[in-house]
Structures are given as structure tokens and as C-alpha cells.
Amino acid sequence: MRRSGVWLILLSIALSLAVPLAYGGIAALGALRELAAAAFAPLLLMAMLSWLCSAARLRLLARALGVHLSANAAVSTIVSCEFAAVTTPFGSGSMPTHVLLLSRRGLSAGRTIAVMAMDRVMDLIFFATALPFAFAGYGLDSGHGDLPRWGAIAGTLLLTGLCLLYALVRHHLFLVVHLGRAITLIPWLKTKRRRLARLFIQFHNSMRLLFKMGRGPLVVLYILCMSHWLIRYSILPVLLWTAGHGV
């Protein structure tokens, strides 16, 4: 690795740690000392189960594209991407890490982007389904009067994002055609037009295969998505419970 790459990694980690530390992160780390050693076992187990669900999703999507991904390869990819996300600002390191690692496993860049797009569609469907129940439950417990307004705003933004992402995935060929025309207007992109065209074709063909997965695999995919997020969001109440706080 080049020296500049090492410095960029260190800078990225420093920026990612700066915000939580500035907002009381040091005190929170001190509070972890009060937890019993046995309390970390269920938290670690839940994190590992969440990773396993994500790895199973990745294997299922790769299989739909005709690529066999072993369990070890899928888990190592997911864990690497998780760490790349938390050590880079705004989680920007997750997607490049996905593309790099999956390209070594037989998935091209276009296929990897298609897998990630399908993955995000499932995530947004889950959040669009879970959000009304979350706001309703929170409103009953806390009695906030302005909660319906904020719930409507959050729901509208989420559904808008879901519709836009679905339109992008479903009608991406229309976007590819216009992007191809725009590329010819940018001089420095003209030299890369063949590579970009190959990427778009791979993405288009991969999305067609993913939409032909069938109802059964899609149901399994959604169950894995739901399990992943439910386990992940259960970590906080379990952490508070082990620390002796009522939830």
C-alpha cells in the first residue's frame, strides 16, 4: 500500500471518531466499565447473527447471477464492509470495499452495483413497513404531541426514496441512454466511454436476472433483511438492559 493510502486511512478514522468523541463519547466509553464481562457475550452474538443474515443475503443474490459465493467469502466480505463503513465518514468506504472484494470473488463491477441496488431496495421496503409501527409505539409510550407530524415527514421521505430507487432500478435503461449522451459532452469522460458502457450493460443484464429470481427466493431475501435489521436494532435495548436501565 502506498504511503498516501495509509495517511488517508488514518485521516478517515480520525474524522469518524471526532464527532462521537466530541458529543460525549469518552464518557460513554467510561460507562462501559460498569458492564459485567458476561454482558458482552449476547451483544457480540447478536452482531455476529446480523452479519450472518447479511452474508446469506449476499450469497442468495450472487447465486441469482450465477456466481457461487462460499460462506466464508460472504462473511468476510460483509465484516470487511462493515468496518470500512464505520471507519470512513458517512460510511463512504462500504461501496468501494464491496466492489473490490466481490470483484475478486467473480462478480464484475456492474454486477456488484446491481446486487447492492437490490439489497437497498429490500432495506427500504423493510423501513417503509416498520416505520409506522415504530412511530405508533413510541407515541403511545411518550405521548409526544408533535410525533405524528415528524412521523409523516419521515415516512414521506422514506417512501419518496423507495420510489426513486425502485424507478432507478426498474427503468435504469432510460437513465443509461441519457447518461451515454451526456458522456459525449464531457471531454475527459470520452476516453472512458467504452468502460462505462460495459459497466452499464453488465448492470442492466444483472438487474434482469435478479428480477427473475422468483417469489420464493425474494421472500427468503426479505426474511433475511428483516432479521438483519431487527437483530441490529435490538442491540441497544439489550445493552441498556444489561447496564441495569429499564427499557
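The first residue in the sequence is number 1, and the count goes up from there. Please read these numbers as outputs of a predicted model, since none were measured by experiment.
- For the pair Met95/Ile113, a side-chain contact is recorded, criterion being any heavy-atom separation below 4.5 Å from C-beta on.
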### Message
Could you go through Leu11 and Trp7, starting from their C-alpha distance and side-chain angles, then the distance that decides it, and tell me whether this counts as side-chain contact (heavy atoms from CB on, under 4.5 Å)?
### Response
CA-CA 6 Å; Leu11 178 61; Trp7 283 110; over 6 Å; no
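- How far OG of Ser50 is from OH of Tyr233: 10.5 Å, rounded to the nearest 0.5 Å.
- With rounding to the nearest 0.5 Å, the separation of CE in Met46 from CH2 in Trp51 is 13.0 Å.
- The distance from atom CG of Leu44 to atom CD1 of Ile235, rounded to the nearest 0.5 Å, is 9.5 Å.
- Put simply, the side chain of Arg57 reaches to within 4.5 Å of the side chain of Asp123, judged on heavy atoms.
- Counting only residues at least two apart or on different chains, the side chain to side chain donor-acceptor pair (under 3.5 Å) pairs with a member in residues 94-113 are Ser108-Gln202.
- With Thr77 contributing its side chain and Ala73 its backbone, the two residues share a donor-acceptor pair below 3.5 Å.
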Show which side-chain atoms of residues 209-226 pair as donor or acceptor with protein atoms under 3.5 Å away, not counting sequence neighbours.
none

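- Taken together through direct or relayed side-chain contacts under 4.5 Å among Ile, Leu, Val, Met, Phe, Trp and Tyr, Val67 and Leu100 form parts of separate hydrophobic clusters.
- Ring geometry, Phe126 versus Trp229: the interplanar angle falls under 30°, so the pair is classed parallel (tilted spans 30 to 60°).
- Taken to the nearest 0.5 Å, the CZ atom of Phe40 stands 8.0 Å off from the CG atom of Leu239.
- Summarising the geometry, atom CE belonging to Met122 is positioned 8.0 Å from atom CG belonging to Leu61; distances are rounded to the nearest 0.5 Å.
- No continuous path of ILVMFWY side-chain contacts below 4.5 Å connects Leu101 to Leu107, so the two sit in separate hydrophobic clusters.
- Of all the heavy atoms in Ala74 and Ala55, the pair that sits closest is CB-O, 3.7 Å.
- Taking Arg232 as the reference, Glu82 meet the salt bridge (Lys or Arg N to Asp or Glu O under 4.0 Å) condition, with sequence neighbours excluded.
- Contact record, Leu65 with Ser206: CD2-O, 3.5 Å, taken as the closest heavy-atom pair.
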